[in-house]
Amino acid sequence: MSEFRRGLHHVERAMGTVFSFDIRDARTPAIEAALRDAVAWLHHVDEVFSTYRSDSAISRLARGEIGLDDCPAEVPEVLDLCEQVGAATHGWFSATPDGTLDPSGLVKGWAVERAGQLLRAAGARHTCVNGGGDLQLSGEAAPGWRIGIAHPLRPGELCAVVTGRDLAVATSGSAERGPHILNPHTGTPAAGPASITVVGPDLTTTDAYATAAFAMGTGAQTWLEGLDGYEGLAITGDGEAWHTPGFPGTPCAV
């Protein structure tokens, strides 16, 4: 059973992973209520989008039991966002990566970003919402947020430290969950690097871009370097590293 603790730090299990909230603002009734709303939002998203729940709207839609007009408003919103990301990534992101409806590659980042917006609307200005290692950061924790990126090949070590304010950080890889990211052009597991981290302004797009960049494999660096407002760092399977010129952090020794 979850518990709200002093200092506005909270941990919640939802959507098959662990979410954490780190709010550095003064505690107010409005922010406390927004934190409860943000947690409830994550469970709502799970109820609507979980592909592991046979009664979720996305599962029923995939089976053809209901139409898009019968779904909660969040479903067409998310599917539209998936189409936008698919176009921006030249088809390397898809809500149907193996032919079956599954927008999971975008949903978590979108849910975390929306949770952060609920906190901001209540007056919180310095927050970190972490969904399974993908983060939406608002404001800064003096003298700034410092986010360690786990090395995919060396457990317990970091491959980089990202610094800054008002940014999103998302990492895709196979080190923890195995080959779970699919190449949407073939429907088979993607042959990406050991991990790739993307940094951008909003977690909805940043998280989806990290998934797409992993699926791209060797083409990811050129694609990321051509984007405005997004930067990346990758660790290859043989332990080498590359990063885009504007990557906002310090790569560690690899």
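Nothing fancy with the numbering, it's 1 onward along the sequence. Bear in mind the structure is a predicted one, so any value in this text is a computation, not a measurement.
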Item to check | Test item: side-chain donor near acceptor, Thr100 and Asp102, under 3.5 Å | outcome: no
Next on the checklist: Taking salt bridge (Lys or Arg N to Asp or Glu O under 4.0 Å) as the definition, give me every residue that meets it alongside Arg165, ordered by chain and number, with sequence neighbours left out.
Outcome noted: Glu140
Item to check | Results of ring-ring contact (aromatic ring centres under 6.0 Å, His included) for His185 - residues two or more places apart only | outcome: Trp92
Checklist outcome for this item: Applied to residues 79-90, the salt bridge (charged side-chain N to carboxylate O under 4.0 Å, His left out) test, sequence neighbours excluded, yields none
Next on the checklist: My understanding is that only residues two or more places apart in sequence, or in another chain, count here; which of them pass side-chain contact (heavy atoms from CB on, under 4.5 Å) with Ala220?
Outcome noted: Ile196, Ala213, Met216, Trp242
Next on the checklist: Can you confirm whether the side chains of Asp25 and His126 place a donor and an acceptor under 3.5 Å from each other?
Outcome noted: no
Item to check | All pairs passing salt bridge (charged side-chain N to carboxylate O under 4.0 Å, His left out) where residues 107-130 contributes a residue, at least two apart | outcome: Glu77-Arg114, Lys108-Asp134
Item to check | Sequence-distant partners of Thr171, side-chain hydrogen bond (donor to acceptor under 3.5 Å, both in side chains), two or more places apart | outcome: Thr197
Item to check | Contacts of type side-chain contact (heavy atoms from CB on, under 4.5 Å), residue Arg13, not counting sequence neighbours | outcome: Val18
Checklist outcome for this item: Across all chains, not counting sequence neighbours, the side-chain contact (heavy atoms from CB on, under 4.5 Å) partners of Glu74 are Trp41, His44, Phe49, Pro72, Trp110
Checklist entry - Partners of Arg146 by salt bridge (Lys or Arg N to Asp or Glu O under 4.0 Å), sequence neighbours excluded? => result none
Next on the checklist: Can you list everything that forms a side-chain contact (heavy atoms from CB on, under 4.5 Å) with Ala34? Sequence neighbours excluded, please.
Outcome noted: Leu119, Ala122
Checklist entry - By side-chain hydrogen bond (donor to acceptor under 3.5 Å, both in side chains), which residues pair with Thr205, not counting sequence neighbours? => result Asp202
Item to check | By salt bridge (Lys or Arg N to Asp or Glu O under 4.0 Å) - contacts of Asp46 (at least two apart) | outcome: Arg53
